[in-house]
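Below is one structure, written out as structure tokens; comments come after it.
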Amino acid sequence: MSERILADLNEPQREAVTHVDGPLLVLAGPGSGKTRVITRRCAYLVQSGIRADNILAITFTNKAAGEMRRRIEELGVGRNMWIYTFHALGARLLREFGPLAKVAPGFTIFDDSDQKRVIKDAMLLCDVDPNTIKPEQVAGKISKAKDQLLTPEEYEATVDFADDQLVARLYLVYQRLLEQQNAVDFDDLLMRVAIVLRDHPAYTARLNERFRYVLIDEYQDTNHAQYLIARCLSQHHRNVCATGDPDQSIYGWRGANISNILDFEQDYPNARVVRLEQNYRSTGNVLKVASALIRHNQNRKHKDLWTENDDGGPVDVWKFAEGRDEAERIATRIAQLHREGLEYAQIAICYRVNAISRGLEEALRMRGIPYRIARGLEFYNRKEIKDTLAYLHVLANPADSVALRRIINTPGRGIGKTTIDRVMATAEQEGMAAMDVVRQAARFPVLRRAAGKLAAFVDLIDRMQPAVDGPLSELVETVLERSGLEAMYKEEDFDGEEDRLANLAELVSAAARYEDEEPDPSLPDFLQRISLTSDQDAIDETAGAVLLMTLHAAKGLEFNTVFIAGVEQGLLPHERSLRLATGGEVEEERRLFFVGITRAMQRLTISHCDERFLRGVMTARIPSEFLRELPTEVLNTEVFGHAISRGGLRPRGGDFDFGDDDFDQRPPRRVGRERSSWQRYEEPTFSPDDPAGQSDEPVAPPPQEYADWRPGTIVQHEAFGVGRILWVRGSAGNTRASIRFAGVGEKTFILDMAPITRIG
DNA sequence: AGAACCTGACTTTTT
DNA sequence: GTCAGGTTCT
């Protein structure tokens, strides 16, 4: 077994894996086999006689935790290892020592939108005009305070600006509102645990006994509270292993403190430091570009990244006249690579801001290239899911009035804003839970008129309550039926384009799956777990589609071919990071670029434009200052003119620098290859009765995916039966077809949405 | 109570 | 240009 654990490790990797006692810092460059080191080390510890349940590994995402568990179990050890995200560990410990931290079991975890709701409530209660300060700002300051473990009282003592005194008041009320609802926010999960660990040495000692080896992954992203938790958990034995890469610290704006990793050696004297510098992922040229870029940062630990891989082709730097050209060219290039045998799933397009994705999507759709967007906030943020979960939350925790407000009139049952406001005001006055006010509505004169409707709602909830003790999936079904949500969404689905019922069915099966896998399932645990599930966890790199994502979302992934679009000043680095020009923020932007570059295994293309549509207006752009920092000798720079309105995509010759006179005038170099892809650009096919290309505003051709939906084609519609296509037109994603049905007449549909199939 | 209308914001968002 | 959230109108 030892053989297997140490097999194919390089020297530093082996050193890290076989380090057992005492603090260890693993500085792991991108693609240096960090996960391998972590999992092998866990196996090594177990093999040296340490019990798996004495080992605690902490990650940032559920996905990372799951991946780690999978790979450790593959090595045949560690079935009982503690593998958690920081927040899940927090939730777990809070449940354990709840009384010490003033939370009752079954507490609700509020997400950002719940939190915002409560802050608004606090502002209302404190008579704070939202024009003075925005709820988001308040949230930000409270979050910072919690990161520093400051209770409202302690925070108040530290502030001297009037603004912050206001925040202190709001923080106090906010916290009170949370407590009344037996709810915590994400920051509480860390702060409360850290405070208990700080103030209850006996408890901390016990946990040190339990977790004799502590491992923290992505240490560069820890904030202060997380740092303290890690520190306390390893206070007695000092068997702490931190892994990470300061050059990939990209969450400073969320409170991550890069100094935690930079100062590890001061924090833990005698720490062993291992540098993983050999890269197994990228070509030599990609790595050269990455290294040259990141060298421009001051605040870092130097690493010499190297690889035994081939140099590979040059790194492409493409310059376009306009955003649309960029999107077109990337899409055609992807089509070409696919024809040459590259899987779509091996390709990613990254950008700094989500706003860039739209144009790319359109271009991909136009060519029928399958793609997926790894955008934040998908499944659990859908309205129908949030509604259903809100019922479950009320059942699990009747004090949860954020959830109560969400469902009390959803579906509509004639309980309006006035009534809801009165319920909330009464609850505040009487110091009661909102649900209890609703229960006793008849007692309160202001609620007299609504009392009947409120009683009906109470009755509804009470009739659901018994199902809480039954199987979870059945509970969800009961809620869907009795609440009327199912009926409501059935109707909406019928005349809308959404498929909300399908999502709800997915929720039911998620509940069933949870119940299946969990030894000790419970409704509160299910809900907590959902609250701690992010969309990052849902990114599936193997879905057979090109992945579009922000540079942030790309961290930790790798692809054969990577495009980084919109590498322009103001976008990357983003203008908001330039404003206060605090150097540090520009360095974080540079790290973001570094993260993007190092996702690429074989091919990397960086692109930028002279103009692009931003916020509805065409905006002049200049290339990113970072482009000057790249080594020209491994770049292949190309300049392209307009793809569409100037009659076809063609490369334009001529001089090319990065467009800014301040740049040093290194001669532009061209490396390698003919640009054969241009010649192969395919003129889109236009539908016959829709002669396009005459106006400046061409009518978009039907996307490739509908290429053979020609007039005359016979199709079947779920409701209208068999019909004949009259015409197809429209832009990608909005392709419309007019179809004549016997006895029904002509109807126009959006093809992506309508339940239509081709027949014959 | 619900629809229509208006306004402002618009980086990133591991939990 | 687009979306969400809030406000005003009916």
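Chain naming here is simple, since letters A, B, ... match the order of the sequence lines and numbering starts at 1 in each.
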Euclidean distance, atom [atom1] of residue [X] to atom [atom2] of [N] [Å, nearest integer]:
| X | N | atom1 | atom2 | answer |
| --- | --- | --- | --- | --- |
| A:Arg324 | C:dG1 | CZ | P | 14 Å |
| A:Asp221 | B:dT14 | CG | P | 12 Å |
| A:Leu571 | B:dT12 | CG | P | 10 Å |
| A:Leu551 | B:dT14 | CG | C1' | 15 Å |
| A:Lys383 | C:dC3 | NZ | P | 17 Å |
| A:Ile133 | B:dA9 | CD1 | P | 14 Å |
| A:Arg449 | B:dA1 | CZ | C1' | 12 Å |
| A:Met123 | C:dG5 | CE | C1' | 14 Å |

Under 6.0 Å between the ring centres of A:Trp253 and A:His574?
no
Ring center gap for A:His296 and A:Phe626 short of 6.0 angstrom
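No, they do not, as the ring centres are separated by 6.0 Å or more.
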Hey, what's the ring geometry for A:Tyr514 with A:Phe526, parallel, tilted or perpendicular (30° and 60° as the breaks)?
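Judged by the thresholds at 30° and 60°, the geometry between A:Tyr514 and A:Phe526 is tilted.
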Are any of [X]'s side-chain N or O atoms less than 4.0 Å away from OP1 or OP2 of [N]?
| X | N | result |
| --- | --- | --- |
| A:Thr59 | B:dT14 | no |
| A:Arg576 | B:dA9 | no |
| A:Asn223 | B:dT14 | no |
| A:Asn354 | B:dC10 | no |
| A:Arg615 | B:dT11 | yes |

What does [X] touch in the nucleic acid at a heavy-atom separation under 4.0 angstrom: a base, only the sugar-phosphate, or nothing?
| X | value |
| --- | --- |
| A:Lys120 | sugar-phosphate |
| A:Asp111 | nothing |
| A:Gly412 | nothing |
| A:Ile109 | nothing |

Would you say the side-chain atoms of A:Arg324 pair up with the backbone N or O of A:Gly359, donor to acceptor, closer than 3.5 Å?
no
Hey, is the main chain of A:Leu262 close enough, under 3.5 Å, to the side chain of A:Ser259 for a donor-acceptor pair?
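Not a single qualifying donor-acceptor pair exists.
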Ring of A:Trp253 versus six-membered ring of B:dT11: centres under 5.5 Å and planes under 30°?
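The ring of A:Trp253 is not stacked on B:dT11.
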Going by 5.5 Å between centroids and 30° between planes, is there a stack of A:His574 over B:dT11?
yes
On a whole-Å scale, what distance lies between the P atoms belonging to C:dG5 and B:dT12?
16 Å
NZ/NE/NH1/NH2 to OD/OE distance under 4.0 Å, A:Asp247 and A:Arg591
no
Between B:dT11, B:dT14, B:dA1, which nucleotide gets closest to the side-chain atoms of A:Arg352?
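Comparing B:dT11, B:dT14, B:dA1 against the side chain of A:Arg352, the answer is B:dT11.
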A:Asn409 has a side chain; which of B:dT12, B:dA1, B:dG2 sits nearest to it?
B:dG2
